[in-house]
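Below: the structure, in structure tokens.
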Amino acid sequence: MKLTDILSPDFNPSEWKAKGYELPSFDIAAVAKKTHDAPTWVHFGAGNIFRAFPAAILNDALNSGKYDRGVIVAESFDYEIIDKAYRPYENLSLLVSLQSSGTIEKKVIASITESLKADPQFAEDWARLVEIFKAPSLQMVSFTITEKGYGVAPADLERGLSPVFAMGKLTVLLYERFLAGGAPLTLQSTDNCSHNGDKVKAAVHAYAEKWAADGLVPAAFVDYVKDSSKVTYPWSMIDKITPRPHEKVQQMLAEDGFEDNNTIVTEKRSFTAPFVNAEEVQYLVVEDNYTNGRPPLELGGALYTTRETVDKVETMKVTTCLNPLHTAMSIYGCMLGYTLISAEMADEDLRSFIQKIAYIEAMPVVTDPGILNPYEFVGTVIGKRLPNPFMPDAPQRIATDTSQKLSIRFGETIKKYIARGLDMSNLVLIPLTLAGYARYLKGLDDNCEVFEPSTDPLLAELQAIVAPLEVGKANQDYSCLKALYSRKDVFGLDLYEAGLGDKIEGMVKELFAGKGAVRATLHKYVSAR
């Protein structure tokens with residue numbers, strides 16, 4: 001069983017279907033021809049998340065019979081992905097959905113019709129991209145290039161119309177569209193970063209303005225990329241975990257007789273494969289602001305709405321329903337010796353800890369976005385996402401850069417309690433999380449054995465603050481904690497001014513009591529809540 005088998009005119013689908021493989025129900029060749037002749041969608045970023053999510057929901061839209069165009073993928077960074085994970089398989093891939101039950105679902109994705117290297121050094125591919133961008137039919141250019149992919153370096157701006165960064169190449173292609181008549185277009189980020197459309201907008205504007213100032217393009221091109229009736233930069237919120245190719249998944253596919261189960265590691269350390277394994281749960285909420293129409297991705301589950309609602313969904317996720325739970329688990333998971341988030345979910349204290357943070361303490365200040373129910377979102381996180389045995393995520397990874405996350409993930413909730421005049425005594429487990437951070441900074445687990453805290457730009461500075469404290473030492477001076485918990489840059493506000501400093505200090509004292517104090521303190525407060 002190989003992916004390219006399904007393109008054979010004498011392909012027999014019975015064996016695949018018998019083994020639980022969902023196959024495309026649309027005419028792959030016909031969709032590819034229509035897409036080539038009148039493209040509607042180009043996506044930058046050929047990584048795993050693209051195949052597992054945007055390409056997969058387009059596949060569902062095509063299977064519905066209500067749409068007939070595929071997506072063309074362009075890779076601007078790691079060209080080996082195109083050579084090794086796309087072209088040998090005729091752009092087909094297998095999506096393996098990892099169920100929290102420990103089972104998998106398998107679906108062949110055939111919505112990607114072309115794969116291109118987005119750089120002029122690949123003359124044929126670049127010429128095709130120019131042709132696509134000139135096409136009036138093109139509606140959307142989307143991105144999964146990570147937040148750093150939207151960067152604009154001064155040196156790249158100085159390269160003129162020969163940039164090497166992704167946003168520079170995009171702007172060159174936009175200039176080609178402008179020269180061809182300036183048809184409307186929407187540039188849609190689907191990267192997991194706040195207000196992502198603004199990052200595309202800022203980058204495109206920076207290149208266009210620099211080139212115009214240098215006399216390389218006319219001022220009218222700047223007007224084009226700034227004209228909201230011509231070019232738009234919507235926001236989106238995307239949420240789906242797509243781990244590296246999983247050995248257990250490879251074994252399950254091999255047992256089926258599916259041969260395209262090899263892992264591909266590029267020189268740039270991209271980990272990919274002919275298959276993509278991803279969690280079953282996914283969310284894509286998009287600002288519906290398109291100037292030239294768009295592919296009907298709602299047929300595959302995308303949710304289109306207003307910019308304000310996208311912002312509410314993101315705030316709900318980042319400050320209440322997912323990110324704070326991750327951080328609370330990571331701090332205490334490291335101290336309790338866990339190396340897997342899924343294993344933590346079998347610990348009753350930790351499971352109750354995050355449930356009560358979400359439902360009891362954070363939920364009262366959540367603004368319901370209307371399009372996704374906060375209670376159902378948390379229920380899915382706790383019931384399906386975090387316990388998933390296929391998700392090899394570790395508290396040690398999540399604990400990276402914790403000092404940069406606490407102000408958003410907990411500080412915003414505390415601020416809302418203050419702004420709304422709510423009873424601060426109702427906050428118990430959020431203060432316990434922040435108290436745990438002081439104990440975590442010591443780098444001693446609950447058995448008083450050394451562990452290495454995860455990398456963090458403020459790690460050494462914050463560790464120096466708690467350095468006078470010793471685990472197990474009686475009657476010590478905890479006044480150094482004021483220098484920690486008054487840090488607005490870390491917590492988003494002065495926790496003493498917020499009325500929580502003394503409560504947190506008391507919890508820290510309990511956590512420092514000695515061996516076993518982390519478990520005992522956690523159990524005490526979770527059980528009492």
Side-chain angles (χ1 to χ4, degrees), residues 311-332 348-370 372-379 381-382 402-403 405-440 478-479 481-513 517-518 520-529:
D311 198 37
K312 288 178 180 177
V313 170
E314 182 184 1
T315 300
M316 176 192 79
K317 170 193 164 188
V318 171
T319 66
T320 303
C321 295
L322 177 60
N323 297 28
L325 312 187
H326 260 157
T327 293
M329 293 183 77
S330 70
I331 291 171
Y332 277 85
E348 188 55 40
D349 286 333
L350 288 169
R351 187 182 181 93
S352 296
F353 183 39
I354 62 169
Q355 278 181 315
K356 292 175 180 179
I357 286 175
Y359 287 124
I360 299 175
E361 299 192 9
M363 202 65 78
V365 295
V366 167
T367 299
D368 188 338
L372 288 175
N373 182 286
Y375 289 90
E376 293 177 2
F377 193 102
V378 171
V381 167
I382 294 174
T402 294
S403 72
K405 301 171 180 176
L406 294 171
S407 63
I408 297 296
R409 300 186 179 189
F410 299 102
E412 289 303 307
T413 294
I414 297 169
K415 288 178 184 177
K416 288 175 183 175
Y417 265 74
I418 295 169
R420 300 180 189 183
L422 299 179
D423 186 354
M424 299 292 283
S425 67
N426 285 333
L427 293 175
V428 177
L429 300 182
I430 288 177
L432 183 64
T433 302
L434 303 181
Y437 189 50
R439 179 68 168 74
Y440 168 89
Y478 285 89
S479 61
L481 292 175
K482 287 186 170 54
L484 175 63
Y485 292 112
S486 60
R487 292 279 296 258
K488 295 182 181 180
D489 61 325
V490 175
F491 301 100
L493 71 173
D494 183 326
L495 291 164
Y496 292 93
E497 292 177 358
L500 293 173
D502 291 338
K503 176 186 282 189
I504 293 171
E505 276 194 28
M507 292 173 168
V508 172
K509 292 176 183 178
E510 294 180 64
L511 291 166
F512 271 80
V518 174
T521 306
L522 176 66
H523 181 76
K524 169 189 169 181
Y525 285 102
V526 168
S527 299
R529 198 74 178 92

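Hydrogens, waters and symmetry mates are skipped; everything else that's a heavy atom, side chains included, is used. Throughout, residue positions are numbered sequentially from 1 according to the sequence presented. Quantities reported herein were computed from a predicted structural model and do not represent experimental measurements.
- Judged purely by atom type and a 3.5 angstrom limit, Tyr359 uses its side chain to pair as donor or acceptor with the backbone of Gly379.
- Under the 4.5 Å side-chain criterion, counting only non-hydrogen atoms from C-beta, Lys405 is not in contact with His326.
- Within the 4.5 Å cutoff, side-chain heavy atoms of Ile414 are placed close to those of Leu434.
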Audit row: Asn426, Arg529, side chain to side chain contact (heavy atoms under 4.5 Å, CB included) steps and yes/no: CA-CA 9 Å; Asn426 285 333; Arg529 198 74 178 92; 4.1 Å; yes
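- Aromatic ring orientation, Phe512 versus Tyr478: perpendicular (interplanar angle above 60°, classes split at 30° and 60°).
- Contact check for Lys415 versus Leu493: side-chain heavy atoms found under the 4.5 Å cut-off.
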Handout entry: Stepwise salt bridge (Lys or Arg N to Asp or Glu O under 4.0 Å) test for Lys317 and Glu314
Key = CA-CA 5 Å; Lys317 170 193 164 188; Glu314 182 184 1; over 6 Å; no
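- Taking the six-membered ring wherever Trp is involved, the centroid distance between the rings of Tyr496 and Tyr485 does not fall below 6.0 Å.
- Here the shortest heavy-atom pairing between Arg439 and Leu511 reads NE-O, 2.9 Å.
- Atoms CG and CE, from Leu500 and Met507 in turn, are 9.0 Å apart once rounded to the nearest 0.5 Å.
- The closest side-chain heavy-atom distance from Glu497 to Lys488 is below 4.5 Å.
- The distance from the CD1 atom of Ile354 to the CE atom of Met329 is 4.5 Å, given to the nearest 0.5 Å.
- Taking all atoms of both residues into account, the shortest heavy-atom contact from Lys503 to Val428 is NZ-CG2, 4.4 Å.
- Remark: side-chain polar atoms of Glu361 are not paired, donor with acceptor, to backbone N or O of Lys356 under 3.5 angstrom.
- With Arg409 as the fixed residue, the side chain to side chain donor-acceptor pair (under 3.5 Å) test singles out one of Thr433, Thr319, Thr327, Thr320: Thr327.
- Residues Met424 and Ile418 meet the side-chain proximity criterion, which asks for heavy atoms closer than 4.5 Å.
- No hydrogens or angles considered: a donor-acceptor pair under 3.5 Å links the side chains of Tyr525 and Glu510.
- When all heavy atoms of Leu427 and Pro431 are compared, the pair lying nearest together is O-CG, 3.4 Å.
- How far CZ of Phe491 is from OG of Ser407: 10.0 Å, rounded to the nearest 0.5 Å.
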| Stepwise side chain to side chain contact (heavy atoms under 4.5 Å, CB included) test for Met363 and Val378 | CA-CA 10 Å; Met363 202 65 78; Val378 171; 3.8 Å; yes
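- Checking Asn323, Leu495, Ile430 one by one against Phe410, the side-chain contact (heavy atoms from CB on, under 4.5 Å) holds for a single residue, Ile430.
- Ring centroids of Tyr332 and Phe353 are separated by less than 6.0 Å, placing the two rings close together.
- Between atom CG of residue Leu522 and atom CG of residue Asp349 there is a gap of 5.0 Å, rounded to the nearest 0.5 Å.
- Residues Pro369 and Pro374 are in side-chain contact: their nearest non-hydrogen atoms beyond the backbone lie under 4.5 Å apart.
- Interatomic distance, Ser403 OG to Tyr437 OH, rounded to the nearest 0.5 Å: 4.5 Å.
- Ile408 CD1 to Thr315 OG1: the interatomic distance, rounded to the nearest 0.5 Å, is 9.0 Å.
- For the pair Leu372 and Met316, the tightest heavy-atom approach, listed with the atom from each and the gap, is O-SD, 4.1 Å.
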